[in-house]
Amino acid sequence: MVQEARSYLPGLTAKPFWSPSDSLFAQELASSYLVIREEFDKVTAISNSKNLAKGNNVWATAADSKSAASYGPDWKTLVLNDRTTYDSTNSLLFPKTVSILKNLTGTPVVEAFFASMEPNSSINLHSDSCNFILTSHLGLDIPGNGNECRLSVGDTTQNWKDGEVMLFDTSIMHSAVNETPKTRYILMLRVWHPELTSSEIKALQFTFDALDVPGILSESAGERFIAEEQLRVLRSGEGAVPTPPPTTIPTPSKKSKKSATVIKRGFG
């Protein structure tokens, strides 16, 4: 077993697969399979495919070159949640699924997306390079009757199955194959490692917040207020994030009484 993590917190247990029966959220996710599957089938059906043109990064391939090399062009995702913030358009397309995710017990969702894997394709051996987050897969539409669709993490291999949840550590080198003539679909979640303390989760969450909305680091109380509201809306998936109104300030020239309009973040 080889673990490779550029983003690393010491002291966390590293093992290929974790038991879903030990995680309440995994049990709740599995019990919600029929609801999620029905909504997924409805939205992604050919007759409703025009809906997917409205979303964000719809069935997108991996964005960076390293991930693209590992996952290949046959692995695509439909984003619901990225770094704990919900995509407002896709949340409206999958309201039942998003509601289930927001109400899972025990651990907040760090990322959530549907993932497809094309027929007769594979994902190369790789690491996701982060040891403080685990990955969960809910099998949605798994073709084949045996081990044609399988995931290997370290020295352990498991098969995807409809309605069943896998929980595993993607900082450990892993790979996957779909040896069937049909596309494989899953709902993929990233969740906090169960051994993280509440203080560690808050610190990591603040890091994500600062990356998404840098204004949260401002020394201005007004800018921080706007940033906090932006984060609230992002996490809820309610729609467009609020932006500060234009602020009119006088031009420096004493000869002119005109004013210039600039966009200024916050109220300070």
Side-chain angles (χ1 to χ4, degrees), residues 12-45 59 75-82 84 86-87 90-91 93-117 123 128 130 132-154 156-172 174-178 180 182-196 201 235 237:
L12 299 178
T13 298
K15 58 182 178 180
F17 287 92
W18 294 65
S19 174
S21 62
D22 294 334
S23 301
L24 284 176
F25 91 88
Q27 297 174 46
E28 293 170 355
L29 193 62
S31 68
S32 302
Y33 163 68
L34 291 178
V35 175
I36 296 172
R37 171 68 186 269
E38 180 181 9
E39 184 172 63
F40 177 80
D41 286 346
K42 180 180 179 181
V43 176
T44 58
W59 294 126
W75 185 84
K76 297 183 176 69
T77 63
L78 172 57
V79 174
L80 296 176
N81 180 303
D82 183 24
T84 73
Y86 280 90
D87 178 271
N90 287 343
S91 292
L93 291 175
F94 299 94
K96 294 180 181 178
T97 300
V98 169
S99 178
I100 290 168
L101 297 181
K102 288 181 177 180
N103 289 286
L104 291 175
T105 300
T107 182
V109 173
V110 179
E111 292 181 3
F113 46 88
F114 296 107
S116 68
M117 190 173 179
I123 296 174
D128 290 351
C130 177
F132 50 80
I133 286 176
L134 298 184
T135 296
S136 169
H137 286 181
L138 171 65
L140 287 182
D141 188 358
I142 311 301
N145 298 314
N147 66 345
E148 299 101 326
C149 276
R150 59 188 184 273
L151 172 71
S152 297
V153 185
T156 306
T157 298
Q158 292 189 11
N159 304 325
W160 286 291
K161 297 179 181 179
D162 285 351
E164 294 190 9
V165 172
M166 289 182 181
L167 186 60
F168 55 100
D169 188 338
T170 53
S171 68
I172 297 170
H174 58 285
S175 61
V177 295
N178 174 11
T180 77
K182 296 183 178 180
T183 302
R184 179 230 63 182
Y185 294 100
I186 60 167
L187 174 61
M188 181 167 172
L189 309 184
R190 299 197 195 277
V191 298
W192 299 117
H193 192 291
E195 294 173 357
L196 288 174
I201 290 175
R235 289 174 186 159

Do you know which two heavy atoms are closest between [X] and [Y], and how far apart they sit?
| X | Y | result |
| --- | --- | --- |
| Thr157 | Ser152 | OG1-OG, 2.7 Å |
| Leu80 | Thr97 | CD1-CG2, 4.0 Å |
| Pro20 | Ala26 | O-CB, 3.6 Å |
| Phe168 | Phe17 | CB-CD2, 3.7 Å |
| Ile186 | Arg184 | CG1-NH2, 3.6 Å |
| Pro143 | Asp141 | CD-O, 3.4 Å |

Non-hydrogen side-chain atoms of [X] and [Y] separated by less than 4.5 Å:
| X | Y | result |
| --- | --- | --- |
| Trp160 | Ile142 | yes |
| Met117 | Asn178 | yes |
| Phe114 | Val79 | no |
| Val109 | Leu104 | yes |
| Val177 | Cys149 | no |
| Phe25 | Leu189 | yes |

Do the side chain of [X] and the main chain of [Y] share a donor and acceptor less than 3.5 angstrom apart?
| X | Y | value |
| --- | --- | --- |
| Asn90 | Leu93 | no |
| Thr180 | Lys182 | yes |
| His193 | Thr13 | yes |
| Asp82 | Tyr86 | no |
| Thr44 | Phe40 | yes |
| Tyr33 | Leu140 | yes |
| Asp169 | Ser171 | yes |
| Gln27 | Ser21 | yes |

Evaluate the criterion side-chain contact (heavy atoms from CB on, under 4.5 Å) for residue pair Val35 and Ile100; output intermediate values, then yes/no. CA-CA 9 Å; Val35 175; Ile100 290 168; 4.0 Å; yes

The criterion is ring pair (Phe, Tyr, Trp, His ring centres under 6.0 Å); which residues satisfy it with Phe132, sequence neighbours excluded? none

Is it true that atom CD of Glu38 has more than 12 heavy atoms of other residues, nucleotides or ligands lying nearer than 6.0 Å? no

According to the salt bridge (Lys or Arg N to Asp or Glu O under 4.0 Å) rule, which pairs have a member within residues 15-31, sequence neighbours left out? none

From [atom1] ([X]) to [atom2] ([Y]), nearest 0.5 Å:
| X | Y | atom1 | atom2 | value |
| --- | --- | --- | --- | --- |
| Met188 | His137 | CE | NE2 | 4.0 Å |
| Glu39 | Leu34 | CD | CG | 13.0 Å |
| Leu29 | Glu164 | CG | CD | 12.0 Å |
| Ile123 | Ser175 | CD1 | OG | 8.5 Å |
| Leu138 | Ile36 | CG | CD1 | 5.5 Å |
| Ile133 | Arg190 | CD1 | CZ | 7.5 Å |

